[in-house]
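To keep things clear, I will list the structure first and then write my remarks on it.
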Amino acid sequence: MIRRKRPRCDVRRILLAPDPTERAHLVGEHLQRLQDQLARTQAAVASLQRLLRPEPAGVVVELRQAPARRVAAVRGTVTLEEVLSWYAGAMAELDAVVGAAAGPPGGLYDNALFSEGRGDVLVYVPVAAPVPDLGRVRGTELPPAELAVTVHPGAHDTIDVT
């Protein structure tokens, strides 16, 4: 659990700071905490609004049996705020290591990422032959699985609706 300083403590520290530069630094830190909190609140509000008014209205879901698959993958634990930039970096690494993918990219996203704001993510591209481990890219095999598959028809920042 993250313990946040109470605003009263911040105000007290600011008022008791003898040096104007230190006071300005403390005010800046407090402002940054408020801006971070506002950004988290705005992201939560936007996500809830999308859940209430999802677009497009209908999502087609196909149930599919997937055999074991050889993939090149990047795995990480990220926050909801980090996931888009993390995804872009992970896919760039996969593109650099994997010459020609043997199918479309995919991802496994921990439910905690959306429900708690932090979770495990694995993005991958199918490969025909083993790939060398390089940087964060690892060759791995996905086990056989029963999948519910759909296509998200929008930008990555609205994928939580799908």
Side-chain angles (χ1 to χ4, degrees), residues 1-6 29-162:
M1 175 193 302
I2 298 173
R3 291 190 75 94
R4 292 188 173 89
K5 295 179 185 176
R6 295 192 327 243
E29 285 180 341
H30 183 66
L31 176 61
Q32 185 61 53
R33 281 191 296 277
L34 291 174
Q35 288 174 326
D36 292 345
Q37 182 180 3
L38 177 60
R40 286 190 301 273
T41 301
Q42 287 172 327
V45 167
S47 180
L48 289 172
Q49 287 172 331
R50 286 191 306 267
L51 287 173
L52 291 173
R53 293 184 310 275
E55 292 180 21
V59 174
V60 177
V61 177
E62 173 192 342
L63 297 179
R64 183 186 304 168
Q65 294 291 328
R69 293 167 285 160
R70 180 181 298 166
V71 299
V74 175
R75 178 185 309 270
T77 301
V78 297
T79 66
L80 202 50
E81 293 83 16
E82 299 168 327
V83 72
L84 292 177
S85 61
W86 180 90
Y87 175 86
M91 291 307 294
E93 285 184 60
L94 286 167
D95 288 344
V97 172
V98 176
L108 303 173
Y109 297 84
D110 187 5
N111 283 337
L113 177 64
F114 302 105
S115 62
E116 299 169 22
R118 181 178 176 83
D120 294 328
V121 178
L122 178 120
V123 293
Y124 61 86
V125 292
V127 292
V131 296
D133 292 346
L134 187 60
R136 296 185 298 169
V137 176
R138 298 288 179 264
T140 189
E141 186 170 301
L142 297 181
E146 181 177 28
L147 306 174
V149 179
T150 191
V151 174
H152 173 67
H156 278 106
D157 62 350
T158 60
I159 202 165
D160 58 330
V161 175
T162 301

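Summarising the geometry of Pro132 relative to Val97, their closest heavy-atom pair is O-CG1, 4.1 Å, with the distance given to 0.1 Å. Nearest heavy atoms, Leu94 versus Ala73: CD2-N, 3.8 Å. Scanning both residues, Val78 and Leu113, for their nearest heavy atoms gives O-CD1, 3.5 Å. When all heavy atoms are compared, the tightest approach of Val61 to Ala148 is CG1-CB, 3.9 Å. Considering all non-hydrogen atoms of both residues, Asp110 and Gly119 come closest at OD2-CA, 3.9 Å. Between Pro126 and Pro104, the shortest heavy-atom distance links the atoms CD-O, 3.1 Å.
The shortest side-chain heavy-atom distance between Pro130 and Arg70 falls under the 4.5 Å cut-off. The shortest distance between side-chain heavy atoms of Val74 and Met91 does not fall below 4.5 Å. Residues Leu108 and Leu142 meet the side-chain proximity criterion, which asks for heavy atoms closer than 4.5 Å.
Rounding to the nearest 0.5 angstrom, the gap separating the CZ atom in Arg40 from the CD atom in Gln35 is 11.5 Å. In this structure, Glu116 CD and Leu80 CG are separated by 11.5 Å, a value rounded to the nearest 0.5 Å.
Taking a 6.0 Å sphere around CZ of Arg138, one finds it holds more than 12 heavy atoms contributed by other residues, nucleotides or ligands.
With Thr79 contributing its side chain and Gly117 its backbone, the two residues share no donor-acceptor pair below 3.5 Å. A donor-acceptor pair under 3.5 Å is formed between the side chain of Glu93 and the backbone N or O of Arg136.
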- Item | Arg75/Asp120 under side chain to side chain contact (heavy atoms under 4.5 Å, CB included): CA gap, chis, key distance, verdict | CA-CA 7 Å; Arg75 178 185 309 270; Asp120 294 328; 5.7 Å; no
- Going through the distances and angles, do Tyr87 and Val121 end up as a side chain to side chain contact (heavy atoms under 4.5 Å, CB included)? CA-CA 9 Å; Tyr87 175 86; Val121 178; over 6 Å; no
